[in-house]
Amino acid sequence: PPCKARIYTNHWAVRIAGGADVAGRIADKYGYRNMGQIGNLKDHYHFFHSRTIKRSTLSSRGRHSFISMEPKVEWIQQQVVKRRIKR
Amino acid sequence: DYKPAPPLSLSSPAHSNIFYNDAKWSSMWYIHCNDDVHNCQSDMNIMGAWKRGYTGKNVVVTILDDGIERNHPDLFQNYDPQASFDVNGNDMDPMPRYDASNENKHGTRCAGEVAAAANNSHCIVGIAYNARIGGVRMLDGDVTDMVEAKSLSLQPQHIDIYSASWGPDDDGKTVDGPASLARQAFENGIRMGRKGRGSIFVWASGNGGRSRDHCSCDGYTNSIYTISISSTAESGRKPWYLEECSSTLTTTYSSGENYDRKIITTDLRHRCTDSHTGTSASAPMAAAIIALALEANPLLTWRDVQHIIVKTSRAGHLSAPDWKTNAAGYNVSHLYGFGLMDAEAMVKEAERWKQVPAQHVCVENADRQIRTIRPEHVVRSVYKATGCTDNPNHVIYLEHVVVRITITHPRRGDLSINLTSPSGTKSQLLANRLFDHSMEGFKNWEFMTTHCWGEKAAGDWVLEIYDSPSQLRSQKVPGKLKEWSLVLYGTSLHPYILSSDKQRSTDMLTPTEEEEYDGPCDPECNESGCEGPGPHHCINCLHYFLKFKNNTRMCVSECPSGFFRDDKKRCKKCSSLCETCVGSRSDQCTTCRSGLHLSEGANTCVASCGDSFYLDHDSNSCRRCPESCKRCASSNICTECKPGMSLQGNKCQMTCNPGTYYNGHRRACEPCHPACATCAGTGIEACTRCADGYLFEDWRCVSTCSSGYYLSEQTSDNGQVQRSCKKCDHSCYECSGPGERNCSSCVNGYNLEAGACVVSTICKDANEESWAEGSFCMLVKKNNLCQRKVLQQLCCRTCSQKG
């Protein structure tokens, strides 16, 4: 059976220690827009990268992906579309 | 000094029969009382909770879905903007996106069930019609891990209850659940939400309306942090869409078949609808009922809520093939969890609830022994759990049990998995899924069961993995159980006993409410203590417990007649015909109700003994007849033999062929004596019928009649001549026929006279002495003078000779 292709979006979840300012600076440095904290998950931020394809079966490449090299960036996850069905 | 709680006065205004002017009020069967019963109660007892004054005041519920029509006439009064957000559009307004298909109606429909305003002449009445209701628009766009996390962690200090009626695709081949951010959002909410008491996450169990799926592959319902809600139709039957799994906690009503009555709720464009179906309709109902309980006691933690649900849900009229009672005395099913929610029982429990002890999480060591899973075979792995006795996470009393499993397998849908607790409660963690062809297996997947709630953690846990190929498969790559581990959630202290040093949150008790019970317990209570003086107030029983329909239980020293005790200290009913028994089946009786008899060997109670049995009055039981008996009056009086046997006296013996007889010692037929045609034993004396040429004479067969016997010939009814030797009359020595007149010779001392033997005097014939030439008696005889008595006696010899 065809394996289900993952659909990558141009949104990222990032965990950055040090507070919102630090997060803002890192976002700017790599070309992301910091959309703010994710709910009430401390140190977790929603980054948006407008120049990445909105939906792709390939995870995104490019300079912005070097963000994961930043020491303050503890964790990063490019968001994948999940199939969710109403009951 | 124990004071029972003062009875609720039903006279206060709140108890007048409730009626609302809302248009669809009369169609809301799942809230109503039964039509014709005063002080009636629907099965979810929502009116009962309302009558106690609980309608969801000061409780905030939000619906995670495709938005909420916040200006709906039935919603705007209770709408709470602080409990709302548009994650898809990243703005504050959760209004749904309208289009011709009306696809974004789901959230609005769910919201109405929870908190549609009452008595506003519009549409319906929400179950928690005074609660605050919000909505999060998060399904109407790309749903990502981050979108879910944002929704689940919205305003956790303001929102009490999150209700979600969605999940991974239920196409029968998906295994999916919350990813890392969503999982963190759950944990965050549980840890810090509601000022540390934990957010309440209510989830629709895994169905989506497609078949052959199993909700244990849905990681949201499998989570211990979500209260997974199942559905039942008004009739109590399983709705067509329902999936069964062991993580379901409880059930509320929903739509069933097309002939079942429907759920009514608010709809897009200010309308009402009865098309809201499935567990989508059940989850918000459950959220609203929990809101009533939170109003009754705002200090309840997320685990208190689950404990109260377990304690108060009832099997009632819900029909399921797998209802079982676990060792803690709770009835539970894979279809409905612990049964139908009971709003009134929940608010009553909530009013006087003492917070349960802190949660302990015991992660038992992983079993990394690799086992091959072969088609049509079972892999059985036993793990002896200690419940982490040696560390602070010691778990004695269970809540949730999670099994983390890693399996490789060529066809995941062919697997089914069971877990049996030390108390013997079996949970089906996974059933076969016909459409799941995946070769991915399970990678550290967490299956969860609620079925062991309240049981003891320590002991042998048995994991069974069945491989049932649904189609031909390559045998080259068999499945492998790589690793599995148990995670036991629960407490080391009994969850419902008060320990003196236990921190009790007494501010939730008002002074007038009943104080804790600290009087003496019934002798049948064990060391766990009690909540009152009676045997039904015990926390746990010293000996056995009787469980009643209303879920209460009573401790007893012995099980009453008509009950038997099982290995879990429960008194379980015998079959109706038994007086006493060792099990609930009809063939496990030990004594019978009056008028019935215990059938030996079958252990059943019968009104009359069947073939091969006789009634033993002493023991009032049907005992087995001797081996060869078909019917008997007692153990040694056979009245009818089985085929192949023949009755010999009171015994049945093997029927032997003519010319043979049954030798009891050798247990075989043996030949008769040659003179016998048939016989009852060996030797010529045992003949019962003679062979040809022989004559029957006193159980013997002889070729000619012995002396003292004469030959008798009788013609039987069928014209046959029966020849036998019959005994002569006792007066004859020999004879030629029956009676005393057919003698042919006499014994000494008797003379034969005219065929009869008469006592002879001394017969000295006159001829012998006194008379010369003896001619005197000859003269007497010649002149026929023998009939003269005197002359007959004088010449007795000559007279008795013939001729």
Side-chain angles (χ1 to χ4, degrees), chain A residues 1-17 20 23-24 26-27 30 32-50 52-60 64-65 67-68 73-87, chain B residues 65-66 85 87 90 103 106-107 110 138-139 141-157 164-171 173-174 176 179-182 184-185 188-189 192-193 203-210 231 241 277-283 435 437-438 440:
Chain A
C3 71
K4 280 186 174 167
R6 285 189 149 200
I7 306 291
Y8 290 90
T9 67
N10 53 7
H11 295 263
W12 273 261
V14 190
R15 188 168 69 233
I16 294 175
I26 290 175
Y30 291 89
Y32 291 90
R33 177 151 51 105
N34 179 3
M35 309 291 281
Q37 183 171 294
I38 297 173
N40 82 325
L41 299 186
K42 192 170 173 305
D43 294 341
H44 286 80
Y45 299 91
H46 173 188
F47 281 11
F48 168 66
H49 192 253
S50 56
T52 296
I53 299 175
K54 184 172 186 176
R55 276 200 188 82
S56 162
T57 55
L58 302 171
S59 65
S60 122
H64 63 281
S65 55
I67 186 173
S68 54
V73 172
E74 295 169 352
W75 172 83
I76 187 166
Q77 175 198 61
Q78 182 176 2
Q79 292 305 289
V80 171
V81 178
K82 291 173 169 294
R83 182 167 164 69
R84 291 297 176 246
I85 306 298
K86 297 170 186 173
R87 296 301 183 213
Chain B
D65 210 295
D66 53 17
F85 191 74
V87 176
N90 201 23
E103 68 172 292
H106 208 245
C110 292
M138 43 76 68
L139 286 181
D142 287 344
V143 180
T144 65
D145 184 20
M146 180 163 59
V147 166
E148 291 180 6
K150 281 189 174 181
S151 311
L152 291 165
S153 60
L154 177 71
Q155 300 288 350
Q157 301 314 326
S165 294
W166 47 266
D169 200 344
D170 67 315
D171 54 4
K173 51 192 170 189
T174 297
D176 193 5
S180 56
L181 282 175
Q184 283 184 68
N188 244 31
M192 301 190 289
W203 225 272
S205 95
N207 94 296
R210 299 164 71 178
S231 303
Y241 48 76
T277 64
T279 50
S280 283
S282 286
F435 305 133
H437 311 280
S438 164
E440 287 173 32

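We use all heavy atoms of the structure for the numbers below, so side chains are in, but hydrogens, waters and symmetry mates are not. Every chain is numbered from 1, with letters handed out A, B, ... down the list of sequences.
When heavy atoms are compared at a cutoff of 4.5 Å, A:W12 approaches chain B solely by way of its backbone atoms N, CA, C and O. In this structure, chain B has a heavy atom under 4.5 Å from the backbone of A:V80, while its side chain stays farther away. No part of B:L154 comes within reach of chain A, as not one of its non-hydrogen atoms sits under 4.5 angstrom from that chain. Within the 4.5 angstrom heavy-atom criterion, only side-chain atoms of B:P156, from C-beta onward, approach chain A. Contacts between B:T277 and chain A at a heavy-atom distance below 4.5 Å involve the backbone alone (N, CA, C, O). For chain A, the nearby parts of B:D145 are the backbone and the side chain; heavy atoms of each come within less than 4.5 Å.
Counting heavy-atom pairs closer than 4.5 Å to chain B, the top-ranked of the candidates A:T9, A:I7, A:L41 is A:L41.
Considering only heavy atoms from C-beta on, B:E148 stays 4.5 Å or farther from B:L181 through its side chain. Inter-residue side-chain proximity for B:N90 and B:F85 is flagged as met; some heavy-atom pair is nearer than 4.5 Å.
Listed in order of number, the residues of residues 32-39 of chain A that approach chain B to under 4.5 Å between heavy atoms are A:M35, A:I38, A:G39.
Every side-chain hydrogen bond (donor to acceptor under 3.5 Å, both in side chains) that B:D176 has, sequence neighbours left out, goes to A:R84. Legend: residues meeting salt bridge (Lys or Arg N to Asp or Glu O under 4.0 Å) with B:D66, ordered by chain and number and at least two apart, are A:K86. In this structure, the salt bridge (Lys or Arg N to Asp or Glu O under 4.0 Å) partners of B:D142, at least two apart in sequence or on a different chain, are A:R55.
Aromatic ring orientation, A:H64 versus A:H49: parallel (interplanar angle below 30°, classes split at 30° and 60°).
No hydrogens or angles considered: a donor-acceptor pair under 3.5 Å links the side chains of A:Q79 and A:Q77. A side-chain donor from one of B:S280 and B:H106 sits under 3.5 Å from a side-chain acceptor of the other.
For B:S153 (side chain) and A:N40 (main-chain N/O), a donor-acceptor pair under 3.5 Å exists by modelled atom type.
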